[in-house]
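To keep things clear, I will list the structure first and then write my remarks on it.
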Amino acid sequence: MCAPHVMSLVERSLSRRELLGLATGLAALAAVSAKAQGQVSGKAFSNVADLTHVASPSFPMFPGARPMKITEVVTVRKDGYYGNILEVWEHTGTHMDAPAHFVEGGLTAESLPVNRLIAPLAVVNIKDKADRNPDAEVTIDDLLAWERRHGRLPAGAFVAMYSGWESRVGDPKAYVNQDGAGVQHYPGFSPAAAEFLVRERNIVGVGVDTLSLDFGASKDFKSHVTLLGAGKYGLENLANLASVPPSGAMVIVGGPKHKGASGGPTRVMAIW
């Protein structure tokens, strides 16, 4: 937080030319940040995509979960600075599932080794079959087909499912997609694919552009149990995966770091 007197001291310490330069730089940064994808100068990479939805009280939630609440408590006009109080279920918006979310004694989010939060990104596209069947799953065959095109999954990879489901995110009813019996229908990872990834490949985690790592109609959450039980983490409600190459990118996961976190809202970016 920068209170008004702090900003005043900063202004007095800078020349007019420096202030103009700072303002120009901040404006440029804001313009780039407002976009889901942009160009970044540097030798290591030149593209960045924001894989994160904006969390809000209207964001689709897993049935029974409490929506986010944002309460404005101070404003610049009245108090000299702006701030809100957030009341948020850990599994809101684009968020992380830590192993502890499904496994007694599993790692909580703040305990995950930081080197697992930057990883080679593999995007497995199942949009065609998801368009035909909302209960579509990433299967072992999908993973092997990806490998035939792009080579074996890299060591320490993060595997993301792209189903195109984010096109529904503005309509919570369509996104959750419950039938008359209250059963949800949207894509996820099959238990067999989850087992293959933890037994046969060296991954750090998986992600989906839907509400759950398991497909919506799952009753046993076997993919969650398999992946999180193996110490992997999951990311749910990812965005903009269509803008990322299927291989060759890296993912950066700005995971939650509050005490005892079963997960939490997460800023996720891809670079390539």
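This is a predicted model, so every value here is computed, not measured. Along the sequence shown, the residues carry numbers beginning at 1.
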If you define the side chain from C-beta out and look only at heavy atoms, does anything of [X] sit under 4.5 Å from [Y]?
X	Y	result
W272	F45	no
E90	H258	yes
N115	I118	no
M96	L117	yes
T75	E72	yes
M269	R267	yes
P246	N125	no
V123	H150	no

Please report the closest heavy-atom contact between [X] and [Y], naming both atoms and the distance.
X	Y	value
L143	V138	CD2-CG1, 4.0 Å
T139	K129	CG2-NZ, 3.8 Å
V268	D50	O-OD1, 3.4 Å
G156	P120	O-CD, 3.3 Å
W89	M61	CD1-CE, 3.8 Å
G151	W146	O-CZ3, 3.2 Å

Could you check whether [Y] and [X], counting side-chain N and O atoms only, form a donor-acceptor pair closer than 3.5 Å?
X	Y	result
D214	Y186	no
T108	S111	yes
S243	N240	no
H185	N177	no

State yes or no: do [X] and [Y] share one hydrophobic cluster built from I, L, V, M, F, W and Y residues joined by side-chain heavy-atom distances below 4.5 Å, directly or via other members?
X	Y	result
Y81	V73	yes
L241	L235	yes
I140	F189	yes
F196	V206	yes
W165	V208	no

Rounded to the nearest 0.5 Å, what separates atom [atom1] in [X] from atom [atom2] in [Y]?
X	Y	atom1	atom2	result
T226	R199	OG1	CZ	8.0 Å
D97	H91	CG	NE2	5.5 Å
H101	H224	NE2	NE2	5.5 Å
L211	F62	CG	CZ	7.5 Å
D131	I126	CG	CD1	10.0 Å
F215	K222	CZ	NZ	13.0 Å

Treating [X] as the side-chain partner and [Y] as the backbone partner, does any N or O pair qualify as donor plus acceptor under 3.5 Å?
X	Y	answer
T94	N237	yes
E137	P187	no
S223	A194	no
K127	Y162	no
E110	A261	yes
S167	G164	yes
N133	A130	no

TODO: Decide side-chain contact (heavy atoms from CB on, under 4.5 Å) for L86 and M68; before the verdict, give the C-alpha distance in whole Å, the side-chain angles of both, and the deciding distance to 0.1 Å.
DONE: CA-CA 7 Å; L86 304 181; M68 182 181 195; 4.1 Å; yes

TODO: Go through the steps to decide whether V204 and K232 satisfy the test side-chain contact (heavy atoms from CB on, under 4.5 Å), and finish with yes or no.
DONE: CA-CA 5 Å; V204 296; K232 315 305 179 183; 5.8 Å; no

Task: Residue pairs fulfilling salt bridge (Lys or Arg N to Asp or Glu O under 4.0 Å) with at least one residue in residues 152-172, sequence neighbours excluded - done: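 Matches after skipping sequence neighbours: none remain.
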
- [ ] Quickly, which of V124, L197, N202 forms a side chain to side chain contact (heavy atoms under 4.5 Å, CB included) with L153? Name it, please.
- [x]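 Only match with L153 under side chain to side chain contact (heavy atoms under 4.5 Å, CB included): L197.
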
Task: Between F59 and H53, ring centroids under 6.0 Å - done: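 They qualify: ring centres under 6.0 Å apart.
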
